[in-house]
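Below: the structure, in structure tokens.
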Amino acid sequence: MMRSLYAGVSGLQNHQTRMDVIGNNIANVNTYGFKRGRVDFQDMISQQLSGAAKPTTEVGGVNPKQVGLGMSVAAIDTIFTQGNLQSTGVGTDIAIQGNGFFIEKNGEKSYYTRSGAFSLDNEGTLVNPANGFRVQGWMAREVDGQQILRTSATPEDLIIPVGSKDPARATSMVNYACNLDKNLPIIPENPTEADIMKGTWTTEMKIYDSFGVEHNLTVAFTRVPDNPNQWVAAVQVDPEAGEDRETRIGLGTTDGMGATFTVNFDNNGILASVTDSAGNTSNPAGEIILQTSFNVPDANLNEDGTPYRQNFALNLGTIGSMINTVTQSASPSSTKAYSQDGYTLGYLDNFKIDSSGIITGVYSNGTNRTIGQIALATFTNQSGLEKAGDNTFVESNNSGMANIGTSGIAGKGSMLAGTLEMSNVDLSEQFTDMIVTQRGFQSNAKTIQTADTLLETVINLKR
């Protein structure tokens with residue numbers, strides 16, 4: 001009889017634990033990134049009244065007789081199912097779609113969270129504004145003019161330098177492509193201005209010197225009268241400045257070169273070769289790149305007293321190719337410079353985060369520059385993580401060590417900026433569990449009451 005009392009007590013205690021977990025789930029129904037808990041029960045050790053007996057020649061086997069001594073909590077699991085995603089429109093809010101945790105640092109201590117409600121502090125560091133923990137990732141490093149991310153390195157604090165400068169960059173390459181019309185009229189010996197305009201295809205492109213000053217690059221293509229598959233191109237930087245810019249172009253060098261070159265096409269209209277004003281001819285294969293230079297205005301003179309000149313390359317495309325290359329066909333002329341790599345001074349106005357967690361800075365000069373990348377961590381047994389408060393988890397002896405890497409690699413999910421992951425608590429499920437838990441608690445209380453009545457009956461036998 002005493003066993004039923006203690007079994008009922010264990011039921012009361014452990015159903016109360018289950019109710020505590022349900023209450024915590026409901027309390028966090030609107031907590032970003034919260035993962036609900038679940039209580040699993042198991043029976044306790046049973047008292048054996050008699051053991052099992054195997055069959056004999058006279059009688060059959062006998063089953064054991066055991067009385068259970070109650071129940072206990074087997075486990076309190078954290079359920080890491082995906083929560084719904086809510087759009088917030090805030091650029092620093094990030095949700096993880098799939099597996100993974102954001103990494104936050106408090107000094108040398110690492111914390112892991114599914115809540116991506118981040119912001120910038122006054123130093124531009126990406127942090128959790130609730131506790132100041134710093135979000136971890138990799139900062140880009142400039143190598144040979146390119147921003148490189150070393151995601152194999154140890155994660156570090158992410159700093160977004162809002163308002164920082166992007167220095168002016170001189171143009172080093174101008175790329176040309178598209179078509180020259182084979183039907184363009186040939187300019188006569190004594191042309192009028194109208195003849196020159198009709199027989200010339202002129203392209204323009206903005207380029208930049210080392211100060212970030214904008215210049216106008218023009219290349220005028222004219223058909224050669226004696227060769228139907230040959231064009232002469234005249235190059236000028238800032239035509240309105242006349243001889244002050246002293247534009248030169250050539251293959252491999254601009255020393256002593258003029259400002260013209262000749263383009264040759266084969267009978268299929270495909271680029272065949274280029275000859276500069278000094279008679280140098282391009283290689284029979286590969287890209288055709290001409291070196292171009294001009295005098296930079298308002299610059300310090302060289303040590304020998306000559307004007308400071310800026311060099312850049314002019315790329316006509318690949319010999320024998322039709323892709324991103326100048327061609328000649330009986331279609332309207334469309335050849336133009338489609339890209340150049342120079343720009344003026346700019347300031348970081350904004351930034352954006354893509355699905356891989358790469359942070360890209362958007363500058364006022366129209367350039368984009370990689371700033372860094374947010375790291376994600378996964379665990380062999382994420383259910384083994386310990387909750388540390390503030391929507392965070394820490395490693396435990398049974399979670400395994402953090403596997404840190406980039407989004408989309410080794411089972412890690414993708415990121416969605418401007419979005420937060422909601423709690424995965426289902427209220428209908430929690431209220432149902434609450435009813436079941438309440439009935440379980442009441443039933444165990446009734447067991448104790450009934451056992452007490454039985455004891456009272458025994459006591460009354462003496463009267």
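Every pair passing ring pair (Phe, Tyr, Trp, His ring centres under 6.0 Å) that includes a residue from residues 95-118 is listed here, sequence neighbours excluded: Phe80-Phe101, Phe101-Phe379, Phe101-Phe393, Phe102-Phe118, Tyr111-Phe133, Tyr112-Phe379. Under the ring pair (Phe, Tyr, Trp, His ring centres under 6.0 Å) criterion, no residue pair touches residues 302-354, with sequence neighbours excluded.
In this structure the side chain of Arg150 never reaches within 4.5 angstrom of the side chain of Trp138, judged on heavy atoms. Under the 4.5 Å side-chain criterion, counting only non-hydrogen atoms from C-beta, Thr247 is not in contact with Ile249. Using a 4.5 Å cut-off on side-chain heavy atoms (C-beta onward), Arg223 and Leu180 make no contact.
A donor-acceptor pair under 3.5 Å is formed between the side chain of Glu395 and the backbone N or O of Ala402. Looking only at distances, no side-chain donor or acceptor of Asn283 sits under 3.5 Å from a matching main-chain atom of Ala285. Judged by distance alone, the side chain of Lys35 and the main-chain N or O of Thr81 form a donor-acceptor pair under 3.5 Å. Asn14 places a side-chain N or O within 3.5 Å of a backbone atom of Met71 that can act as its donor or acceptor partner. Judged by distance alone, with hydrogens and angles left aside, the side-chain atoms of Asn216 form no donor-acceptor pair with the main-chain N or O of Asp238 at under 3.5 Å.
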Side chains of residues 152-160: which donor-acceptor pairs under 3.5 Å do they make with residues two or more places apart or in other chains?
residue	atom	partner	partner atom	Å
Glu156	OE1	Arg141	NH2	3.2
Glu156	OE2	Met139	N	3.1
Glu156	OE2	Arg141	NH2	3.2
Asp157	OD1	Gln136	NE2	2.8
Asp157	OD2	Arg134	NH1	3.1

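Note: Phe261 and Phe221 have perpendicular aromatic rings, judged against thresholds of 30 and 60 degrees for the angle between ring planes.
Applying the side-chain hydrogen bond (donor to acceptor under 3.5 Å, both in side chains) test between Glu421 and each of Gln86, Gln97, Arg114 identifies Arg114 as the sole match. Just one of Arg245, Met257, Arg309 meets the side chain to side chain contact (heavy atoms under 4.5 Å, CB included) condition when paired with Ser293; it is Arg309.
With salt bridges taken as basic N to acidic carboxylate O contacts below 4.0 Å, one links Asp40 and Arg38.
Other residues, nucleotides and ligands place more than 12 heavy atoms under 6.0 Å from the CG atom of Leu301. Around atom CE of Met44, more than 12 heavy atoms belonging to other residues, nucleotides or ligands sit under 6.0 Å away. Within 6.0 Å of NZ on Lys387 lie more than 12 heavy atoms contributed by other residues, nucleotides or ligands.
Listed here is the closest heavy atom pair of Thr92 and Ser119: OG1-CA, 3.9 Å.
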